[in-house]
Amino acid sequence: MRAPMICWAFLLLALFGNACNGFYLPGSYMHTYSPGDAIFAKVNSLTSIETELPFSYYSLPYCQPKEGVKKSAENLGELLMGDQIDNSPYRFRMNVNESVYLCTTKPLSEHEVKLLKQRTHDLYQVNMILDNLPVMRYAKQNGIDIQWTGFPVGYTPQNSNDDYIINHLKFTVLVHEYEGSGVEIIGTGEEGLGVISEADKKKASGFEIVGFVVVPCSVKYDPDAMIKHQIYDNVPSVSCPLDLDKSQIIREQERISFTYEVEFVKSEIRWPSRWDAYLKMEGARVHWFSILNSLMVIFFLAGIVFVIFLRTVRRDLTRYEELDKEAQAQMNEELSGWKLVVGDVFREPDCSKLLCIMVGDGVQITGMAVVTIIFAAFGFMSPASRGMLLTGMILLYLFLGIVAGYVAVRLWRTIKGTSEGWRSVSWLVACFFPGIVFVILTILNFILWGSQSTGAIPISLYFVLLALWFCISVPLTLLGGFMGTRAEAIQYPVRTNQIPREIPARKLPSWVLVLGAGTLPFGTLFIELFFILSSIWLGRFYYVFGFLLIVLLLLVIVCAEVSVVLTYMHLCVEDWRWWWKAFFASGSVSIFVFLYSINYLVFDLQSLSGPVSAILYLGYSLIIAVAIMLSTGTIGFLTSFYFVHYLFSSVKID
């Protein structure tokens with residue numbers, strides 16, 4: 001919560017400062033380099049869209065830095081995402097084009113060969129970072145230019161049983177000359193916040209890194225000749241060989257020499273625009289189609305709600321209010337539809353405590369999603385700041401516990417008419433959804449530990465998460481619950497009869513209609529869901545948070561309208577058990593989200609291999625589905641509750 005406030009404070013300083021001519025928010029603090037300055041690349045975990053199991057870069061026999069492997073400081077989000085950023089021996093000197101020798105390995109052991117071949121077959125990518133920019137490579141596929149982040153560990157040629165390792169990298173570093181005038185920079189990245197002042201402008205002049213591109217090659221060297229070199233010795237430049245005999249094969253007792261070339265190219269790209277190449281997302285028309293499709297659903301449902309309110313309800317109430325008491329008594333005997341359940345509509349539902357708990361958690365999740373997406377849409381959560389999005393979501397969820405506790409306990413008081421039992425409600429609100437997530441993550445973590453993946457959550461992080469849960473979330477939820485006991489309970493507009501009214505039999509179970517209603521919210525969501533799943537599982541950047549914010553607002557409206565329409569339909573057939581049906585009328589969208597996730601696994605993630613990867617995918621998809629159920633169900637329930645309250649507050653009852 002504090003980070004966004006600090007960001008706003010610095011933004012105001014930048015806007016109103018006399019020396020300021022402009023500002024830039026997303027990304028990390030700008031670095032400028034003088035010619036010859038040494039810049040070291042970093043390496044992230046090896047990743048694959050085949051297995052979704054990240055592994056440490058140094059789990060393979062790569063060259064290590066002279067000073068030893070050192071982990072970079074990582075935030076909570078990076079650790080949870082399985083990122084492991086280490087230093088590397090790859091050194092660049094600003095504006096110095098050179099071809100450099102790194103090292104020659106010892107003869108490969110059987111285990112190392114098996115590991116290299118396995119990582120090659122599973123399409124693992126090496127993820128390198130220079131000045132906070134991921135390395136990018138371009139490739140042609142079916143005549144179309146495709147850009148990727150990272151480069152492969154190795155490759156297997158067609159019609160060949162041999163594997164070849166990537167051991168020579170041709171880097172192109174795009175630089176822009178910065179003269180240090182007319183621009184104020186506000187950074188929010190891993191290096192921290194900062195503003196370049198007038199006094200620092202002269203000092204800040206130099207070259208900025210605005211692009212980082214690689215062409216990976218496999219080159220067979222003579223290890224006896226190469227081992228005579230020292231690290232960072234210059235070696236002759238080589239071209240990527242097309243002949244397999246000149247490429248470095250992976251087999252036992254082979255000694256692999258690693259080299260790289262770097263070329264600095266001046267570019268007109270400015271530092272604030274350097275992420276544009278990564279964030280280009282095709283298919284803007286598809287996003288607009290999704291939004292127009294959602295609007296059509298909204299207008300259709302809005303028309304139904306309009307008819308309910310202005311024609312049916314208003315007409316019935318007007319007729320009812322124009323009659324005298326004697327006529328009203330006679331009419332009460334002839335009433336049909338929703339007016340017949342006036343004495344039962346606010347009867348306590350089954351499992352009322354569970355309903356309060358789920359609504360409280362739903363408010364917490366919805367608030368977290370809305371605030372996160374708004375900040376992301378305004379550029380506060382740039383992909384340049386790795387893990388910031390997830391870290392921000394976790395912190396927001398923790399501090400919104402106070403709202404969850406308040407809403408759950410106030411609803412509990414409204415249903416029960418007393419505050420008795422509010423502590424257990426607050427405790428369960430604090431433990432229900434986090435407990436589900438904790439159990440699923442623990443199961444998945446044992447699987448990741450067994451695979452020795454960097455995606456496994458360390459034991460130390462487990463204790464950090466438990467401390468955040470029980471030292472921040474639980475106390476705040478209890479505080480919110482206490483505030484809920486002090487708030488005025490919502491008074492029902494009608495009395496509840498002692499004996500429940502019998503519900504007429506129906507041809508089809510009402511749950512069929514309730515579950516089918518989830519298709520309408522899903523229709524507003526599924527196109528954006530495809531892009532989000534592609535971002536998570538195919539390693540693509542997702543940064544169209546403006547579209548996502550619009551879709552979220554449309555989803556809220558559709559959930560509210562669907563739930564109101566379904567609640568009114570149930571009341572019209574004298575079914576007064578509307579509480580849970582209102583929740584699941586919109587919450588059932590989660591079933592379709594989970595089914596779509598399975599469809600995406602089968603048809604779009606065909607490269608995903610092995611039961612471990614499938615279990616991980618389904619585990620994370622289940623967490624997402626539960627969160628969506630709680631959020632959308634809460635939106636639908638609260639809207640229906642106030643609709644029913646308004647509807648029956650207009651009825652005169654003696």
Engineer: For a 4.5 angstrom cut-off between non-hydrogen side-chain atoms, does T156 reach H121?
Structural biologist: yes
Engineer: Can you confirm whether V409 sits close enough to S426 that some side-chain heavy atom of one is under 4.5 Å from a side-chain heavy atom of the other?
Structural biologist: yes
Engineer: Short question: side chain of R274, backbone of I209 - any donor-acceptor pair under 3.5 Å?
Structural biologist: yes
Engineer: Heavy atoms, side chains only, cut-off 4.5 Å: are I250 and Y164 in contact?
Structural biologist: no
Engineer: Would you sort out whether F530 and Y596 count as a side chain to side chain contact (heavy atoms under 4.5 Å, CB included), showing the intermediate values?
Structural biologist: CA-CA 9 Å; F530 170 81; Y596 181 80; 3.4 Å; yes
Engineer: Can you find a pair of side-chain heavy atoms, one from L630 and one from F432, that are under 4.5 Å apart?
Structural biologist: yes
Engineer: Answer yes or no: is there a donor N or O on one side and an acceptor on the other, between the side chain of N167 and the main chain of F258, under 3.5 Å?
Structural biologist: no
Engineer: Is it the case that more than 12 heavy atoms not belonging to F40 sit under 6.0 Å from its CZ atom?
Structural biologist: yes
Engineer: Determine whether a donor-acceptor pair (N or O, by modelled atom type, separation under 3.5 Å) exists between the side chain of Q364 and the backbone of Y397.
Structural biologist: yes
Engineer: Evaluate side-chain hydrogen bond (donor to acceptor under 3.5 Å, both in side chains) for Y600 paired with S534, printing each intermediate quantity in order.
Structural biologist: CA-CA 9 Å; Y600 186 85; S534 298; 3.0 Å; yes
Engineer: What class does the angle between the rings of Y462 and F438 fall in, given that below 30° is parallel, 30 to 60° is tilted and above 60° is perpendicular?
Structural biologist: perpendicular
Engineer: What closest approach, in Å, do L448 and G455 show between heavy atoms, and which atom pair accounts for it?
Structural biologist: CD1-O, 3.5 Å
Engineer: State, to 0.1 Å, how close F151 and V135 come at their nearest heavy-atom pair, and which atoms those are.
Structural biologist: CD2-CG1, 4.2 Å
Engineer: Can you name the closest pair of heavy atoms from L133 and G211 and give their distance?
Structural biologist: CD1-N, 3.7 Å
Engineer: How far apart are the C-alpha atoms of T149 and N127, what are their side-chain angles, what is the distance that settles it, and do they pass the side-chain hydrogen bond (donor to acceptor under 3.5 Å, both in side chains) test?
Structural biologist: CA-CA 7 Å; T149 53; N127 299 292; 4.8 Å; no
Engineer: Just wondering, more than 12 heavy atoms not from Q452 lying within 6.0 Å of its CD?
Structural biologist: no
Engineer: Could D163 and K117 be called an ion pair, given the rule that one side-chain N must be under 4.0 Å from one carboxylate O?
Structural biologist: yes
Engineer: Got a second to check how far I615's CD1 is from I447's CD1, nearest 0.5 Å?
Structural biologist: 4.5 Å
Engineer: Quick check: closest heavy atoms across P89 and L102, and the distance to 0.1 Å?
Structural biologist: O-CD2, 3.8 Å
Engineer: Under 3.5 Å, side chain of N445 to main-chain N/O of I457, donor-acceptor pair present?
Structural biologist: yes
Engineer: First locate atom CG of D162, then atom OG1 of T120, and finally report the distance between them rounded to the nearest 0.5 Å.
Structural biologist: 12.0 Å
Engineer: Nearest 0.5 Å, please: how far is CD1 in I628 from CD1 in I623?
Structural biologist: 12.0 Å
Engineer: Side chain to side chain contact (heavy atoms under 4.5 Å, CB included) for S590 and T632? Distances and angles first, verdict last.
Structural biologist: CA-CA 8 Å; S590 61; T632 55; 5.6 Å; no
Engineer: With a 4.5 Å heavy-atom cut-off, do T51 and V612 have their side chains touching?
Structural biologist: no
Engineer: CG/L169 to CE/M128 distance, rounded to the nearest 0.5 angstrom?
Structural biologist: 6.0 Å
Engineer: Under the side chain to side chain contact (heavy atoms under 4.5 Å, CB included) criterion, do W580 and L355 qualify, and how do the steps go?
Structural biologist: CA-CA 8 Å; W580 281 108; L355 179 65; 3.6 Å; yes
Engineer: Is it true that a side-chain atom of T372 and a backbone atom of A369 form a donor plus acceptor pair closer than 3.5 Å?
Structural biologist: no
Engineer: Side-chain contact, heavy-atom cut-off 4.5 Å: V43 with I129?
Structural biologist: no
Engineer: Which atom pair, heavy atoms only, marks the closest approach of A585 to S588?
Structural biologist: O-OG, 3.4 Å
Engineer: Answer yes or no for R119 and Y124: cation-pi contact, defined as NZ/CZ to six-membered ring centre under 6.0 Å and angle to ring axis within 45°.
Structural biologist: yes
Engineer: Determine whether a donor-acceptor pair (N or O, by modelled atom type, separation under 3.5 Å) exists between the side chain of S218 and the backbone of Q248.
Structural biologist: yes
Engineer: Between Y62 and S88, does a side-chain hydrogen bond (donor to acceptor under 3.5 Å, both in side chains) hold up when you go through it step by step?
Structural biologist: CA-CA 10 Å; Y62 285 128; S88 84; over 6 Å; no
Engineer: Quick check: does any side chain N or O of T524 sit under 3.5 Å from a backbone N or O of L555, one acting as donor and the other as acceptor?
Structural biologist: no
Engineer: How far does CG of L595 sit from OG of S621, to the nearest 0.5 angstrom?
Structural biologist: 11.0 Å
Engineer: Going by the side-chain contact (heavy atoms from CB on, under 4.5 Å) test, name the single residue among V429, T366, V407 that passes it with D361.
Structural biologist: V429
Engineer: Would the distance check show the side chain of S453 and the main-chain N or O of P54 forming a donor-acceptor pair, the cut-off being under 3.5 Å?
Structural biologist: yes
Engineer: For residues I635 and C559, report the shortest heavy-atom separation together with the two atoms involved.
Structural biologist: CG2-CB, 4.0 Å
Engineer: When you compare the side chains of K353 and S424, does any donor N or O come within less than 3.5 Å of an acceptor on the partner?
Structural biologist: yes
Engineer: So, E112 side chain and S109 main chain: donor-acceptor pair closer than 3.5 Å or not?
Structural biologist: yes
Engineer: Check the pair M136, Y138 against side chain to side chain contact (heavy atoms under 4.5 Å, CB included), reporting the backbone distance first and the verdict last.
Structural biologist: CA-CA 7 Å; M136 182 186 291; Y138 295 92; 3.2 Å; yes
Engineer: Could you give the distance from CZ (R410) to CE (M483), rounded to the nearest 0.5 Å?
Structural biologist: 11.5 Å
Engineer: Should F171 and F92 be marked as a ring-ring contact (aromatic ring centres under 6.0 Å, His included) after you check the CA-CA gap, both sets of side-chain angles, and the distance that decides it?
Structural biologist: CA-CA 10 Å; F171 293 107; F92 304 86; 5.2 Å; yes
Engineer: Taking the side chain as every heavy atom from C-beta outward, state whether K71 and Q84 have any pair of such atoms under 4.5 Å apart.
Structural biologist: yes
Engineer: So does E67 have more than 12 non-hydrogen atoms from other groups sitting under 6.0 Å from CD?
Structural biologist: yes
Engineer: Between Y617 (side chain) and S597 (backbone), is there a donor-acceptor pair under 3.5 Å?
Structural biologist: yes
Engineer: Scan the side chains in residues 463-478 for donor-acceptor partners under 3.5 Å anywhere in the protein, sequence neighbours excluded, and list what turns up.
Structural biologist:
| residue | atom | partner | partner atom | Å |
| --- | --- | --- | --- | --- |
| W469 | NE1 | A430 | O | 2.9 |
| T477 | OG1 | S473 | O | 2.7 |

